[in-house]
Peer 1: 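My questions all concern the structure below.
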Amino acid sequence: MRFRSITIHPEVKNTRIARQLGEGDICGQGPKLSDYRQGKRHLFVAPKRGELFHICASLDPRYICCSTHVISQISNCPFECTYCFLQNYLTDTTLTVVADTRAIIKEIREKTSLQPWRLFRIGTWELGDSLAVPPLNQVAVELVEEFKDLKNCILKLRTKGAFVEPLLDIDHGGRTVVSWTLNPPQVIAKEEIGTASLDKRLRAMELVSMAGYPVGLHFDPMILFPGWQRAYEELVRSVFSAIDPENCIWISIGSLRFNPEMKKKIENNYPSSRITVQEMVLGDDNKFRYLRPVREEMYSFLLQCLKEEGAQKCFTYLCMERWNVWENVFGWCPSSIGHLDYLMADSVHRRFPETAPTEPQKEIYMALTYE
Amino acid sequence: MERPSPPFEKTVVIAPKRLDQALDFSRVLEDLSVWDTSLLFQSLEENSILTPILVAKINHMEGDFLVIDGFKRLRWALKKRLTEVPVLNTGTMTRRQVLLLLLSRYSGHLKTCATKALFLNHLSEAGFPKDLLMDLAMKGLGLQPFGGLLEKYLRVSTLPKEVLRFCHEKDLSLKRCLNLTHQPRRLLEKIIRLRNRVSISASLLLELTDNISDILKRDEITAEEFFEKEEIKQIFSREMDINQRTRLFRKTVKQMRYPLLTRLQGELQDIQKDYFKNSPFMVRWDETLENKKVTISASVSDLSQLSDIVDAISSAKTKEGIKKILSRF
């Protein structure tokens with residue numbers, strides 16, 4: 001993909017990313033664009049302003065959340081997923097990448113050092129795709145290199161792309177998880193416009209797995225459509241033909257959700273999409289979801305497929321779901337958000353000791369509070 | 001700024017057909033019943049035209065005179081086939097001057113989103129440039145002079161005429177009007193035309209269009225095919241009170257939009273009937289089926305009722321009924 005314009009802020013013109021770009025106007029601000037699609041084609045390489053490290057904005061104490069942390073390093077995404085919340089979120093839509101990685105790492109180091117006992121899972125995908133296109137994957141390379149020395153942190157790169165080449169020959173120290181959002185080819189073709197095909201994602205997954213990275217899988221958002229069972233069954237089978245379940249660090253499952261304003265945006269931006277016409281109800285977090293019995297059926301079905309493919313050892317959790325849904329799908333549920341945080345840290349420590357060498361202390365995690 | 005000369009020297013008579021009515025917005029206001037013109041036409045019938053029609057030429061335009069004020073007088077003259085009407089020629093005016101005149105004439109009548117949208121669209125179609133619309137017209141209508149906002153108002157103006165009339169009558173906000181612009185036109189028109197048979201409020205219109213347009217997309221049918229469905233036809237063929245029909249129409253549309261939720265709710269209601277039909281307390285649950293929680297409530301007017309309620313709540317039958325409801329979550 002070629003950007004229509006590239007703007008580099010003078011403060012970051014000597015960063016590795018800016019140099020690798022090799023082109024672009026040097027200017028203190030990027031183009032001010034408000035159109036969601038237009039902004040995807042214009043890149044602004046920016047300096048760090050304010051704090052970028054925080055807990056996932058979706059965390060809601062009324063749901064069981066995985067309490068992952070994020071760095072807001074990327075804003076907007078070159079891909080066009082019909083269900084993407086960014087179409088109703090960004091005011092400045094220019095694809096922006098914060099280039100001074102060292103300043104970001106400094107902030108992470110300062111904040112995570114306050115809880116040295118905790119395993120921080122830190123993603124870069126909050127407002128964009130971690131590896132969508134160059135130079136986003138170059139930003140990722142810098143982070144991977146820095147994270148290998150952060151003892152209680154895991155970098156979570158998450159993508160629907162396949163640009164993993166720059167990651168393959170670098171020393172990651174086992175502290176980076178490369179993960180993919182996964183959906184059947186039918187959904188990718190219709191609802192994840194411009195993203196890599198499933199085959200390309202699986203090939204990329206195979207490559208990072210061979211390069212020693214733990215792989216994360218996110219079957220989220222699962223989409224309901226005629227024949228979904230067979231499609232998701234085949235998807236799971238394809239994934240575990242590409243990678244060994246032993247290399248899969250965790251699996252998250254979730255379903256389509258969006259706030260009421262998004263419904264109109266989706267219908268306007270993607271008139272041929274049918275994702276908004278299913279039966280959905282509004283949850284306490286002001287998001288529409290499929291009816292709970294339908295979601296439970298989808299999750300249970302996928303869980304069964306995962307088991308059949310030998311992925312029962314992989315830590316599997318639901319994203320933004322209620323206690324009763326956990327109980328109906330898994331037969332149990334974490335007692336709190338802190339408990340889930342602990343369970344994930346414990347699973348990583350036991351299965352990937354290089355990634356999480358310190359044994360997590362359950363009591364400390366359980367005492368964590370979330371508002 | 002160029003100022004027109006005093007007009008009183010320029011009163012002339014002129015053939016009505018030489019007058020350009022492009023700026024006539026009065027018809028739109030009459031259509032929306034914002035203006036009652038019956039008295040004016042009565043006066044014209046009895047007195048003919050006493051006040052000359054105000055005309056101008058914008059920026060030395062070629063051809064006929066542009067009417068600035070007196071559209072209804074002109075309309076009456078044309079209807080009466082008059083060969084001459086008195087006009088006040090203000091001479092050459094800038095677009096800004098004309099716009100100011102139009103604003104002073106109409107802005108007092110433009111209180112709703114629908115009328116503002118129609119007025120802005122009227123000006124836009126009459127060739128007033130966007131920057132003038134923002135600088136002068138939007139400010140004059142009490143709106144922020146933003147291009148994005150202007151686009152939104154112009155979009156609202158594309159709603160079908162009957163829908164705009166409804167938006168005006170109900171004084172719908174810009175947000176609600178915009179929501180309507182996303183709905184299929186045919187569907188909107190069809191629902192609005194049911195107004196004398198179904199009591200349609202603003203929120204009900206949005207709910208119905210939302211639900212029915214989802215059904216149309218899901219089932220890949222047209223609005224006409226939807227209204228031909230037996231369950232819908234029956235609602236409109238049976239004799240019933242307008243409020244009863246409104247309730248039934250709303251309920252039927254919801255059931256068609258949410259068939260699974262309707263079925264699951266029905267199963268819970270059956271449990272309620274089986275276990276709590278004559279109970280001295282109410283049993284409710286989350287109708288979205290999300291939250292696993294049953295609420296038991298009771299009203300007491302006499303303390304002696306309390307023990308009966310407590311006994312009923314702690315009975316084995318109640319526990320079994322509650323257990324059955326909770327098991328559905």
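These values consider heavy atoms only, across backbone and side chains, with no hydrogens, waters or symmetry-generated copies. Each chain gets a letter, A, B and so on, in the order the sequences are listed, and its residues count up from 1.
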Peer 1: Can you list the residues of residues 320-329 of chain B that sit under 4.5 Å from chain A, counting heavy atoms only?
Peer 2: B/Arg328, B/Phe329

Peer 1: I'd like to know if the side chain of B/Ser213 pairs up with that of B/Gln183 as donor and acceptor (distance under 3.5 Å, no hydrogens or angles considered).
Peer 2: yes

Peer 1: Identify which part of A/Val281 has an atom lying under 4.5 Å from any heavy atom of chain B, answering side chain, backbone, both or neither.
Peer 2: side chain

Peer 1: By a 4.5 Å heavy-atom criterion (distance strictly below it), what part of A/Ser34 contacts chain B: side chain, backbone, both, or neither?
Peer 2: neither

Peer 1: Tell me whether A/Arg322 is salt-bridged to B/Glu290, with the criterion being a basic N under 4.0 Å from an acidic carboxylate O.
Peer 2: no

Peer 1: Can we call the ring centroids of B/Phe236 and B/Phe249 under 6.0 Å apart?
Peer 2: yes

Peer 1: May I ask you to decide whether A/Glu321 forms a salt bridge with A/Arg295, counting only side-chain N to carboxylate O separations under 4.0 Å?
Peer 2: yes

Peer 1: Under a 4.5 Å cutoff for heavy-atom pairs, which residue among A/Glu296, A/Glu327, A/Met280, A/Arg289 has the most contacts with chain B?
Peer 2: A/Met280

Peer 1: What I want to find out is whether A/Arg257 reaches A/Asp220 closely enough, with some N-O distance under 4.0 Å, to be called a salt bridge.
Peer 2: yes

Peer 1: What I want to find out is whether A/Arg230 reaches A/Glu234 closely enough, with some N-O distance under 4.0 Å, to be called a salt bridge.
Peer 2: yes

Peer 1: Let me know if B/Leu264 has heavy atoms under 4.5 Å from chain A in its side chain, its backbone, both or neither.
Peer 2: side chain

Peer 1: Looking at A/Gln87, A/Glu192, A/Glu191, which hits side-chain hydrogen bond (donor to acceptor under 3.5 Å, both in side chains) with A/Thr82?
Peer 2: A/Glu191

Peer 1: Does A/Lys263 qualify as a cation-pi partner of A/Phe288, given the criterion of NZ or CZ under 6.0 Å from the six-membered ring centre and within 45 degrees of its axis?
Peer 2: no

Peer 1: Would you say CZ of A/Arg4 has more than 12 non-hydrogen atoms from neighbouring residues, nucleotides or ligands within 6.0 angstrom?
Peer 2: no

Peer 1: Would B/Asp210 and A/Lys264 pass as an ion pair if we require N to O under 4.0 Å?
Peer 2: yes

Peer 1: Given the options A/Gln278, A/Arg274, A/Glu267, which has more heavy-atom pairs under 4.5 Å with chain B than any of the others?
Peer 2: A/Arg274

Peer 1: Below 4.5 Å from any heavy atom of chain A, which atoms of B/Asn291 appear? Answer side chain, backbone, both or neither.
Peer 2: both

Peer 1: For A/Arg62, is it the side chain, the backbone, both or neither that has a heavy atom under 4.5 Å from a heavy atom of chain B?
Peer 2: neither

Peer 1: Heavy-atom cut-off 4.5 Å, strictly under: side chain, backbone, both or neither for A/Val294 against chain B?
Peer 2: side chain

